[in-house]
Amino acid sequence: MLEAIGNIPWDSLAALSSPRILLLLLLGVTGGLAVGVTPGLGPTIAVALLIPVTFTMPPDEAFAILTAVYVGGMSGGALTAILLRLPGTPASMATVLDGFPLAQRGEAGRAIGNAIVASFCGTVIGALFLVLLAPLLARFALKFHFAEYAAVSIFALTSVAALTGSSTALGLLSAVLGMLLATVGLTQEDGLPRFTFGLTDLQAGFRLIPALIGLFAVSQLMKTPIFTRAESSHDLKLDPGGSYLPSARDVFANKMNYIRSGIIGTFVGVIPALGGGPAALIAYAQARNASADRDRFGKGSIEGLIASETANNATIGGGLIIALTVGIPGDPTSAVLLGGLMIHGAQPGPQLFGSTPEILYGIYFSLFISSMMMVAVLFAVGRYIVHVVRTPLYALNPVLLAMCIYGVFSLNNSLGDVWVMIGFGCLGYIMEHLRYPLPPLVLGLILGPLVEGNVRKLLGSEQTLAPLVTEPLALGFLVLSVVSLLMARRLARF
Amino acid sequence: MSSPRSAHFLFLSCLVLVCAVLFVRSFYLPRFDWDPVGMAFWPRVLIAALLCLAAWISITSVRSPDTYSPTRPDTRGFRLPALSLLYIVSVEPIGFLLATPPFLFLLALGWSPVSGRSIIRGLAVAVVGTFLVLAVFQLGVDVELPPGLLDR
């Protein structure tokens with residue numbers, strides 16, 4: 001660790017504090033935030049849109065602005081998740097659970113303030129791991145083979161199903177339903193259609209973003225029925241005197257929560273294909289498990305909000321660790337970012353530490369400064385953004401729905417995705433009324449193909465599922481899954 | 001759906017029906033010699049798990065009705081997806097610029113408190129909303145919105 005600090009090329013890093021690069025970082029964070037708050041658009045699109053703009057930039061400037069957009073895009077989703085129950089990306093899904101109830105209670109400012117600080121802490125924890133333990137964590141990630149992938153996915157699903165919502169049985173059914181819905185479309189292993197009923201639009205399966213926006217945003221809009229002849233009113237209250245700075249009590253009471261969620265986010269981030277959504281939900285479930293006030297979770301708990309935001313931002317550092325040291329992107333945004341960095345001369349691999357450390361540490365410092373800029377920008381504009389809840393319902397809801405429709409349409413220029421969004425909106429509306437938690441369903445959609453693919457590959461290569469219990473890492477995750485279920489049983493939530 | 005409990009049973013019955021359809025369809029999926037389990041294996045595992053959980057939840061809610069405390073979904077909530085589907089069907093042939101303002105106008109009217117100013121408010125939302133979507137998606141991120149009739 002000390003060797004890592006000693007290797008930091010301080011001279012080249014001083015160049016990063018030039019006014020031009022600081023300005024680019026500020027622009028990148030602001031632009032990323034603007035894209036992040038738009039439904040359907042997230043950090044992946046923000047980074048992808050920016051790559052052509054960076055072609056003529058020197059590498060240090062390009063790395064700086066690309067990283068800043070990544071940080072801004074990740075944080076932007078939190079604002080809409082809290083204020084509008086609209087998670088732009090899976091990473092913000094757990095933020096909705098407590099952020100929106102806080103806004104409904106008139107504590108939108110407090111929720112945003114805590115989310116900002118948690119995002120900052122998460123990014124910094126992930127970045128610290130990136131600079132200090134990257135080779136070690138990359139070796140950990142490379143231990144993941146078929147059995148480990150299947151086991152960690154099962155652990156994520158069971159822990160979230162067991163510890164979110166009001167009942168474990170409802171959570172498990174929600175997770176299994178999500179995995180079953182994920183079997184629709186072309187299978188990854190065979191490349192053949194399954195359960196598409198001859199419909200071309202279903203060949204790509206149920207895409208995640210339309211499902212996510214449908215489940216959370218459309219179902220929320222449906223809760224205020226149109227043409228009821230009654231005067232529609234806002235669910236949200238606004239406390240005009242409320243502070244946007246989190247109180248010292250909120251921050252200090254959650255110091256272990258920040259650390260635990262940051263570590264979970266970083267470790268989940270280094271495992272390719274998991275990403276911010278599962279990380280935030282695992283951290284959320286663990287925060288609930290560790291909390292003395294478990295009943296408040298899902299009804300406006302600051303602890304839940306902090307766990308989610310810290311973990312999803314920590315995955316930035318975790319994702320970059322595996323992307324830069326091994327060349328395997330942890331999530332789609334890391335994949336696009338990696339492409340952009342490679343265009344500017346970064347060659348991922350272990351040699352990055354020895355041959356061109358200035359690139360690695362440049363990215364790390366950009367990440368660190370970007371997260372500080374993000375805090376400054378959000379505190380500056382948060383006061384105004386929070387007033388979106390004052391917009392009358394008849395003006396806000398139609399525009400929001402139109403933005404959701406075209407945000408989803410813009411993903412593939414396909415109205416089929418919009419049908420999927422509306423369908424999932426109805427499903428989410430019904431399931432919420434029947435008390436089924438929605439996060440396990442989304443997690444099932446994300447992790448279902450991962451579990452299936454790895455179980456089938458395991459059976460194909462080993463002819464047995466025994467490695468699930470003979471490999472120590474896989475066994476460890478399965479034991480944790482059982483512990484989660486037993487814990488739920490102990491809490492009489494089954 | 002007369003009561004929350006019957007709504008819950010209706011939902012579980014629909015799930016069982018979907019499982020039955022998918023289970024039957026799984027027999028039509030191809031299987032290759034090199035694949036030890038085939039592409040029907042995983043869905044069947046999930047269908048079995050889903051049926052077990054549905055049975056458990058049904059039995060538990062019959063034995064102790066207050067276990068899950070569901071609420072009955074308000075069927076008026078489905079007016080919004082119905083109107084949205086009508087819009088989605090019409091937007092491709094008619095076009096974004098012609099279909100969106102009436103859609104937003106109707107939505108604004110639907111969510112507006114009943115008053116004499118509803119129509120003016122609705123018109124304002126229709127114009128501003130359409131321009132906003134156009135600015136963000138067509139001008140901002142270069143998405144080609146359905147041109148419809150205006151393309152001819």
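Hydrogens, waters and symmetry mates play no part in the numbers below; they use all other heavy atoms, side chains included. Naming convention: chains lettered A, B, ... in sequence-line order (proteins, then strands); numbering from 1 in each chain.
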Under the side-chain contact (heavy atoms from CB on, under 4.5 Å) criterion, do B/Leu107 and A/Asn397 qualify, and how do the steps go? CA-CA 8 Å; B/Leu107 286 178; A/Asn397 283 3; over 6 Å; no
Evaluate side-chain contact (heavy atoms from CB on, under 4.5 Å) for A/Arg456 paired with B/Met39, printing each intermediate quantity in order. CA-CA 9 Å; A/Arg456 286 181 67 186; B/Met39 57 198 285; 3.8 Å; yes
Which is it for B/Val89 and A/Trp419 under the side-chain contact (heavy atoms from CB on, under 4.5 Å) test, yes or no, and what are the steps along the way? CA-CA 10 Å; B/Val89 169; A/Trp419 284 89; 3.6 Å; yes
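Here the closest non-hydrogen pair linking B/Val125 and A/Ala395 is CG2-CA, 3.8 Å. Nearest heavy atoms, B/Val143 versus A/Ser410: CG2-CB, 3.4 Å. Residues A/Leu177 and B/Leu15 approach most closely at CD1-CD2, 3.7 Å, considering heavy atoms. Contact between B/Pro43 and A/Phe195 at its shortest, heavy atoms only, is CB-CE1, 3.6 Å. Smallest separation of non-hydrogen atoms from A/Leu180 and B/Cys19: CD2-SG, 4.4 Å. The two residues B/Leu104 and A/Pro398 make their nearest non-hydrogen contact at CD2-O, 3.4 Å.
In this structure, the portion of A/Met431 lying under 4.5 Å from any heavy atom of chain B is its side chain and not its backbone. Proximity to chain A (any heavy atom under 4.5 Å) is restricted, for B/Ile57, to the side chain, taken from C-beta onward. Heavy-atom distances place no part of B/Phe105 under 4.5 Å from chain A, backbone and side chain included. Heavy atoms closer than 4.5 Å to chain A are found nowhere in B/Tyr28, neither backbone nor side chain. There is no contact between A/Val184 and chain B, counting heavy-atom distances below 4.5 Å. B/Thr100 touches chain A through its side chain: at least one heavy atom from C-beta onward sits under 4.5 Å away, while N, CA, C and O do not. For a residue to count as touching a neighbouring chain, one of its non-hydrogen atoms must lie under 4.5 Å from one of that chain's; by this rule B/Leu51 does not touch chain A. Proximity to chain B (any heavy atom under 4.5 Å) is restricted, for A/Leu427, to the side chain, taken from C-beta onward.
Among B/Ser26, B/Gly129, B/Ala126, B/Ala108, the residue making the largest number of heavy-atom pairs under 4.5 Å with chain A is B/Ala108. Ranking B/Leu22, B/Leu109, B/Val91, B/Val21 against chain A, the residue ahead of the rest is B/Leu22, based on heavy-atom pairs under 4.5 Å. Contact tally against chain B (heavy-atom pairs below 4.5 Å) for A/Leu415, A/Val418, A/Thr183, A/Val455: the top residue is A/Leu415. Among the candidates A/Val399, A/Val218, A/Asp190, the residue making the largest number of heavy-atom pairs closer than 4.5 Å to chain B is A/Asp190.
Proximity of a side-chain donor or acceptor of B/Thr71 to a complementary backbone N or O of A/His433 within less than 3.5 Å is detected. Using a distance-only test at 3.5 Å, with no hydrogens or angles considered, a donor-acceptor pair links the side chain of B/Trp111 to the main chain of A/Thr224. Formation of a donor-acceptor pair under 3.5 Å by the B/Arg79 side chain with backbone atoms of A/Ile226 is found in this model. With hydrogens and angles ignored, the 3.5 Å screen pairs a side-chain donor or acceptor of A/Tyr429 with a backbone N or O of B/Asp74.
Looking only at side-chain heavy atoms (C-beta outward), A/Thr187 and B/Trp42 stay at 4.5 Å or farther from each other. With contacts defined as side-chain heavy-atom distances shorter than 4.5 Å, the pair B/Trp56/A/Leu173 does not qualify. Within the 4.5 Å cutoff, the side chain of A/Leu192 has no heavy atoms near those of the B/Leu29 side chain. Between B/Phe41 and A/Glu452, every side-chain heavy-atom pair lies at or beyond the 4.5 Å cut-off. In this structure the side chain of A/Ile422 never reaches within 4.5 angstrom of the side chain of B/Tyr87, judged on heavy atoms.
Rounding to the nearest 0.5 Å places OG of B/Ser84 at 4.5 Å from CG of A/Leu401.
Between A/Phe409 and B/Phe137, the distance from one ring center to the other does not fall under 6.0 angstrom.
Atom CG of A/Leu465 has more than 12 neighbouring heavy atoms from other residues, nucleotides or ligands inside a 6.0 Å radius.
Ring-plane geometry between B/Phe96 and A/Tyr406 is classed as perpendicular, the angle between the planes exceeding 60 degrees on a 0 to 90 degree scale with a lower cut at 30.
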